[in-house]
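I have placed the structure first, in the form of structure tokens, so that the comments after it can refer back to it.
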Amino acid sequence: MKMKCFNKLASCTFAAAMALSAMPTACAADSEENSAKGKTVYSFDFEDGDVSAFTNRGDNDTTVISTTDESSVSGSKSLLASGRSKEWNGPAFQLDDKLEPYTEYYISAKVKGKYYTNAMLSMQYTTADGETKYSNLVSLSGNDWQTVDSVKVSFTDEMTGVFVYFEGGTDDILIDDFVVTQAPEAEIEQDIPALKDVFANDFKIGTAITPNDLSSKATMALVEKHFSGSLTAGNEMKPDSVLNKAACQAYFEETGDDTVPQISFSAAKPFLNYCQKNNIPVRVHTLVWHSQTPDWFFKEGYADDGEWVSKEKMLARMENYIKAYFEELTALYPDIDFYACDVVNEAWTDGGTPRDPGEQGQGGSQKSAWVQVFGDNSFIEPAFEFARKYAPEGCKLYYNDFNEYMPQKITAVIEMATELKEKGLIDGLGMQSHLDVRSGPDAFPSVDVYNKALDKYAELGLDIQITELDATTNTNPTDESFTAQAEYYKGIMDSIYAHKDNISAVVIWGVTDDASWRADRCPLLFDGEYKAKPAFYSIIEGREIPEQPTTQGTTAKPDKPTTGGEETNVLLGDANEDGEVNMADVASIIQHIGNHDAYALSAQGEANVDMCDGNAGITGNDALAVQLLVAKQIDKLPYVE
Ligand code: XIL
């Protein structure tokens, strides 16, 4: 049994390493190339008339699924979804009863509407709390057959009822050549320095992650290696994810009181569970914001078409919301270090004025319902008062914004922060730092402008955190674009580094380019193949890894064994003697067993490996034991069965 597992491990480690080395540097993975590399796990051309893997979407869905020879891409038949009476009606294909969690798949298909194709491929799943979530994966429109080209999907073992489905309009939908491919298992580069180590003595290094990231093993391996100093939920802790409209309305109906908003962290739970399990500090993002906050939150009776509430009622709602937010968070996750919170986000325009009043509306208006109700930015101070009152001990309070290098915005932010500081209500400023490299020399902002803004904020005497750093290139990046991006990142990081005494955290807004909110312009440090980009190397260039870093994060560090009460130098599992135990050690052991001469271990390395399975002699069982530790299947070495 043991050896079987060991063989499997050896083959996937090296197959993945080979696959990676051939990947191009690009924003997103090249979809055709990926499909070609992956293993096809399901393929339907519907020529045999079998549509049993496809269903409609439940009780109220009138869709009837059959095959037709009306039109097809390959052969003479395609799947026909007829009788659709609502836009959301299927066809649907269930994933979690056929595929593995934490594994990446690509979905490809041909899609056609009866007269004109106006369809979407979407995904649905149910959370551990029983809430159903939906997300749009790709939109397709045009005459005739349209192509779904290798859309990446994955899910965690906390998700059930996971479906992809086609929707849009109420006309018939035709599907052909529906193919599910398993993406090649990706390994991350273990032999590069970990960002959290390089900056260990300077500031926390973190990132923001999405539910999709959580279901990607390779992305989470990058998080663990580089970014376990701090995590932010990309969306799931924002008001529109936390406020529960149905529960708010039900509470109001029951009590007649519409000042006690009802909340739920169900969307954030997978993220928070991960942070708790891995002991990763969390930035709370965000409490009071004009965007990603539903308009009904500001309306009488929480009704979409209600009147705007009074300032007094909104103050009560704000206090009760912030109170419930922190009470519930700390009750559910008493062990997480919620070390920072963006209390108010983006309240000042670039011109240094409050936003225009109004609804957020569909498609993200710049208007603010907070300004609508309060008449100006006077909602900021009570937000900080309530956050100070209810946030857990040790949770520092920040004002967070973008473009905080525009002159009038700097003035407005400094004036606001000075007043809040005098009242003891604020601990720091969050500079989002969504930057744009453009072609290089015309970057916005220039490094100099960014640096001067940091100078000004540092003078304030408040802490600074870089909360959402990313720097876009352009939509068709070339090698030169990535070089320009690397130079720009270096300039920005040098400026941050020069202010490190005032900066306690640097958060990169996402892990890999293809999963970024600005994926079309490749703004991050890792590409869609999990490879470090030139920008990664540029920000660590010339920096030494401190010898005794104050540790950030959670790489497995087994206890040192003792001999007769004396501590030895043996760190069980650490084959390559880098002070950590991870997959690189597993690979070193396997290579060493395969060829002692070409892959010799040092004497200390051998001593570190020899007894991992409790027996003398380095064998595959030592590698297996180390792998079990890294995969957190066991919590210490040696592993004796
Ligand atoms: C972004 C998310 O990354 C996207 O997924 C979402 O569609 C929009 O919001 N400023 C912020 C972040 O404070 O919350 C925003 O995050 C990016 C801009």
Side-chain angles (χ1 to χ4, degrees), residues 31 35 38 40-101 103-126 131-155 159-182 212 215:
S31 46
S35 296
T40 300
V41 285
Y42 284 94
S43 175
F44 300 92
D45 59 9
F46 307 108
E47 295 305 307
D48 60 1
D50 184 3
V51 288
S52 56
F54 294 81
T55 58
N56 66 22
R57 300 191 52 223
D59 290 349
N60 301 318
D61 182 347
T62 52
T63 309
V64 177
I65 294 175
S66 60
T67 51
T68 178
D69 46 18
E70 206 176 290
S71 176
S72 69
V73 178
S74 66
S76 61
K77 286 200 171 81
S78 59
L79 176 148
L80 171 68
S82 57
R84 301 176 63 255
S85 51
K86 295 269 167 26
E87 295 213 332
W88 54 265
N89 285 182
F93 179 82
Q94 187 161 4
L95 303 181
D96 59 319
D97 63 348
K98 305 179 187 73
L99 307 174
E100 293 298 317
T103 307
E104 286 176 343
Y105 297 93
Y106 296 105
I107 307 277
S108 297
K110 300 287 181 190
V111 188
K112 183 175 158 359
K114 186 166 185 179
Y115 307 106
Y116 183 79
T117 308
N118 199 356
M120 290 189 288
L121 176 69
S122 303
M123 187 164 169
Q124 164 184 337
Y125 65 89
T126 303
E131 272 191 46
T132 304
K133 304 274 174 195
Y134 309 91
S135 62
N136 176 225
L137 302 175
V138 61
S139 298
L140 306 147
S141 63
N143 288 314
D144 216 356
W145 288 94
Q146 299 293 314
T147 302
V148 173
D149 184 12
S150 302
V151 171
K152 226 188 223 180
V153 292
S154 55
F155 53 92
M159 293 153 71
T160 53
V162 185
F163 288 88
V164 287
Y165 58 96
F166 294 90
E167 61 176 333
T170 52
D171 290 332
D172 295 353
I173 293 180
L174 280 73
I175 309 291
D176 207 357
D177 299 338
F178 184 94
V179 178
V180 182
T181 315
Q182 184 173 336
N212 267 348
S215 58

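Since the model is a prediction, treat every value here as computed from it, not as a measurement. Each residue takes its place number in the sequence, starting with 1.
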Which residues share a side chain to side chain contact (heavy atoms under 4.5 Å, CB included) with Asp177, sequence neighbours left out: Asp45, Val73, Ser74, Lys110
Taking side chain to side chain contact (heavy atoms under 4.5 Å, CB included) as the definition, give me every residue that meets it alongside Val41, ordered by chain and number, with sequence neighbours left out. Lys39, Leu99, Tyr105, Val180, Gln182
State the [atom1]-[atom2] distance between [X] and [Y], to the nearest 0.5 angstrom.
X	Y	atom1	atom2	result
Asn212	Lys152	CG	NZ	9.0 Å
Lys112	Leu140	NZ	CG	13.5 Å
Asp50	Lys77	CG	NZ	11.5 Å
Ser72	Leu80	OG	CG	12.5 Å
Leu79	Ser66	CG	OG	7.0 Å
Leu137	Phe166	CG	CZ	9.5 Å

Could you go through Met123 and Val153, starting from their C-alpha distance and side-chain angles, then the distance that decides it, and tell me whether this counts as side chain to side chain contact (heavy atoms under 4.5 Å, CB included)? CA-CA 9 Å; Met123 187 164 169; Val153 292; 4.1 Å; yes
Qualifying residues under ring pair (Phe, Tyr, Trp, His ring centres under 6.0 Å), relative to Phe54, sequence neighbours excluded: Phe44, Phe46, Phe93, Phe178
Is the closest side-chain donor-acceptor distance between Ser122 and Glu167 under 3.5 Å? yes
Regarding Asp61 and Thr63, do their side chains bring together a donor and an acceptor under 3.5 Å, going by distance alone? yes
I'd like to know whether NZ of Lys98 has more than 12 heavy-atom contacts from other residues, nucleotides or ligands below 6.0 angstrom. yes
Is it the case that Arg57 places NZ or CZ above or below the six-membered ring of Tyr165, under 6.0 angstrom from the centre and within 45 degrees of the axis? yes
Side chains of Asn56 and Asn89: does their closest heavy-atom pair fall under 4.5 Å? no
Apply side chain to side chain contact (heavy atoms under 4.5 Å, CB included) to residues Ser85 and Thr170 and explain how you reach the verdict. CA-CA 5 Å; Ser85 51; Thr170 52; 5.6 Å; no
Pick out which of Val164, Leu95, Thr132, Val162 makes a side-chain contact (heavy atoms from CB on, under 4.5 Å) with Gln124. Thr132
Heavy-atom closest contact ([X] atom, [Y] atom, distance):
X	Y	answer
Asn118	Ser141	OD1-CB, 3.9 Å
Gly168	Ile173	O-CD1, 4.2 Å
Arg84	Glu87	NH2-O, 3.2 Å

